[in-house]
Amino acid sequence: MKTLLERWRHRHWRTLRSAYVDQQISEGEQVRLQAHLQRCAACTGELEELRATVALLRRMPQPTLPRSFLLTQAPEPALQVRGLGLRWVTQAVATTAAVALAIVVMADATGVLPSDAGGLALTADRQDRSEGPPAPEPTASPEMSLAADADSPEEPEVADGSETQAPTNEMRASDTPAEAETSASRYAVYLEGVLLALALLLGATALFLWLRSRWVTS
Amino acid sequence: MEQDELKLIAESQAGRLVAFNSLVERYQGQVYALAYRILGDRASAEDAAQETFLSAYRHVGSFRGGSFRSWLLRITSNACMDLLRSSRRRQRDVSLDDENTPLEAVLPSAEESPEEYALRRELGQWIQTGLARLPVDQRTAVTLVDMQCLSYEEAAEAMGSNLGTVRSRLSRARHALRQHLLQQQELLPAPFRHRDKEMER
């Protein structure tokens with residue numbers, strides 16, 4: 001009675017034997033297989049039977065063509081072949097999910113969207129505006145305008161920062177910085193949440209489509 | 001690739017239907033054969049073959065070189081998958097006594113006796129039954145390599161996978177078909193019958 005391990009190893013050789021019949025085996029694999037065949041009568045016998053099976057299959061005649069498939073006229077251009085379309089959709093959805101996620105991560109890392117981890121730079125910048133001299137602002141502005149380009153242009157926080165110092169002075173004169181921060185940061189948090197939800201939804205859709213295509217082919 | 005085939009493809013890409021039909025004539029047998037082996041019945045195979053050539057004509061502009069046969073059979077494989085998805089019962093339609101499955105049309109050859117012809121026809125049907133019992137990926141692999149004599153590289157292209165995948169699918173399919181064939185040894189020509197009972201698993 002063969003042990004389970006012996007059976008598993010025997011199946012391992014099966015793939016090599018099959019590739020060996022077609023000369024689709026590397027030199028190293030061939031050396032290992034031939035060494036094994038010399039001491040394993042069972043594998044040698046199976047190799048012979050495999051060759052016989054392949055030879056028989058190759059002898060089978062092709063199914064007779066029932067009719068001609070010549071095109072009688074040029075077909076109308078189709079919107080999409082369904083099989084190709086599904087793969088395109090899956091890739092498009094996956095790419096969009098990745099881009100949405102990247103936007104969220106980038107915006108968070110550059111501190112454009114205030115959060116516990118990523119809002120520190122923006123908070124420090126505001127402190128500089130209210131307390132210190134205008135000197136830090138030119139340094140901060142290019143960074144924030146860059147972030148503005150990468151992120152949504154509707155972000156009021158960023159828009160304020162990327163303009164000249166005049167709006168900042170207006171902020172000091174009219175609203176308290178705290179009130180402006182609260183409404184703007186709430187908006188930013190919503191936006192971040194929407195982007196994250198979108199990325200998760202699209203990612204899940206891409207995974208579902210991929211799994212579905214694999215399931216059918218199994 | 002042959003020069004005249006390159007010319008036909010170029011003309012097809014320019015919209016010349018006559019040139020494309022020359023390609024259809026050249027490959028329709030292989031396209032239909034693959035579809036028949038995968039789907040198991042003539043009507044479905046005809047649908048898949050028709051869809052293959054319609055789609056190939058529409059998308060011939062996207063062919064960028066390499067094996068045209070592999071490119072075409074890839075479209076066939078996809079068309080078969082579409083049909084299988086839309087009608088899942090075909091995957092499980094493996095009844096041995098199914099009278100609705102037509103016997104594969106096989107013509108007698110001059111050298112064989114009527115008995116030999118009958119045996120050969122029945123063997124072809126038995127092999128088709130064995131194919132139908134395989135998962136579709138294994139079925140496609142063994143049809144492409146062992147019945148249509150594609151190389152591993154061409155088969156990988158036709159299946160949209162890599163060499164390692166072709167290798168493992170082919171190995172499993174061959175083993176399963178061998179076990180299946182042994183159930184009806186009397187159909188096998190003498191040289192192909194099971195010789196050693198110790199090999200049985």
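In what follows, chains are A, B, ... by sequence order, proteins preceding strands, each numbered from 1.
Proximity of a side-chain donor or acceptor of B:Q28 to a complementary backbone N or O of A:F69 within less than 3.5 Å is detected. Looking only at distances, a side-chain donor or acceptor of B:R167 sits under 3.5 Å from a matching main-chain atom of A:Q24. Within the 3.5 Å criterion, the main-chain N or O of B:Y152 finds no donor-acceptor partner in the side chain of A:D22.
One finds the CZ atom of B:R172 at 10.0 Å from the CZ atom of A:R14 (value rounded to the nearest 0.5 Å). Rounding to the nearest 0.5 angstrom, the gap separating the OG1 atom in A:T64 from the CZ atom in B:R42 is 9.5 Å. The CZ atom of A:R67 lies 5.0 Å from the CD atom of B:E46; values are rounded to the nearest 0.5 Å. Distance check: A:S68 OG to B:F53 CZ gives 9.0 Å after rounding to the nearest 0.5 Å. A:Q62 contributes atom CD, which lies 13.0 Å from atom OH of B:Y36 (distance to the nearest 0.5 angstrom). Interatomic distance, B:R174 CZ to A:T53 OG1, rounded to the nearest 0.5 Å: 9.0 Å.
Residue contact with chain B, scored on non-hydrogen atoms closer than 4.5 Å, involves the side chain of A:R59 exclusively. Proximity to chain A (any heavy atom under 4.5 Å) is shown, for B:L54, by both the backbone and the side chain. Heavy-atom distances place the side chain of B:I127, and not its backbone, under 4.5 Å from chain A. Contact of A:L50 with chain B is made through the side chain alone, with heavy-atom distances under 4.5 Å. Residue contact with chain A, scored on non-hydrogen atoms closer than 4.5 Å, involves the side chain of B:V142 exclusively. Both the backbone and the side chain of B:Q30 come within less than 4.5 Å of a heavy atom in chain A.
Of the listed residues B:L177, B:D146, B:V24, the one with more heavy-atom pairs under 4.5 angstrom with chain A than any other is B:D146. The residue among A:Q73, A:R51, A:E29 with the most heavy atom pairs within less than 4.5 Å of chain B is A:E29. Note: A:L71 leads A:L16, A:V54, A:L71, A:V21 in heavy-atom pairs under 4.5 Å with chain B.
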Output, in order, the C-alpha distance, side-chain angles, deciding distance and verdict of side-chain contact (heavy atoms from CB on, under 4.5 Å) for A:L56 and B:L123. CA-CA 10 Å; A:L56 181 67; B:L123 174 61; 4.0 Å; yes

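The shortest non-hydrogen separation linking B:L170 to A:S18 is C-OG, 4.2 Å. Closest non-hydrogen pair, B:G124 versus A:M60, comes out as CA-CE, 3.6 Å. Across all their heavy atoms, A:T15 and B:S171 have their closest contact at CA-OG, 3.3 Å.
Heavy-atom contacts from other residues, nucleotides or ligands closer than 6.0 Å to CD of A:E27 number 12 or fewer.
In this structure, the side chains of A:R58 and B:V145 come closer than 4.5 Å at one or more pairs of heavy atoms.
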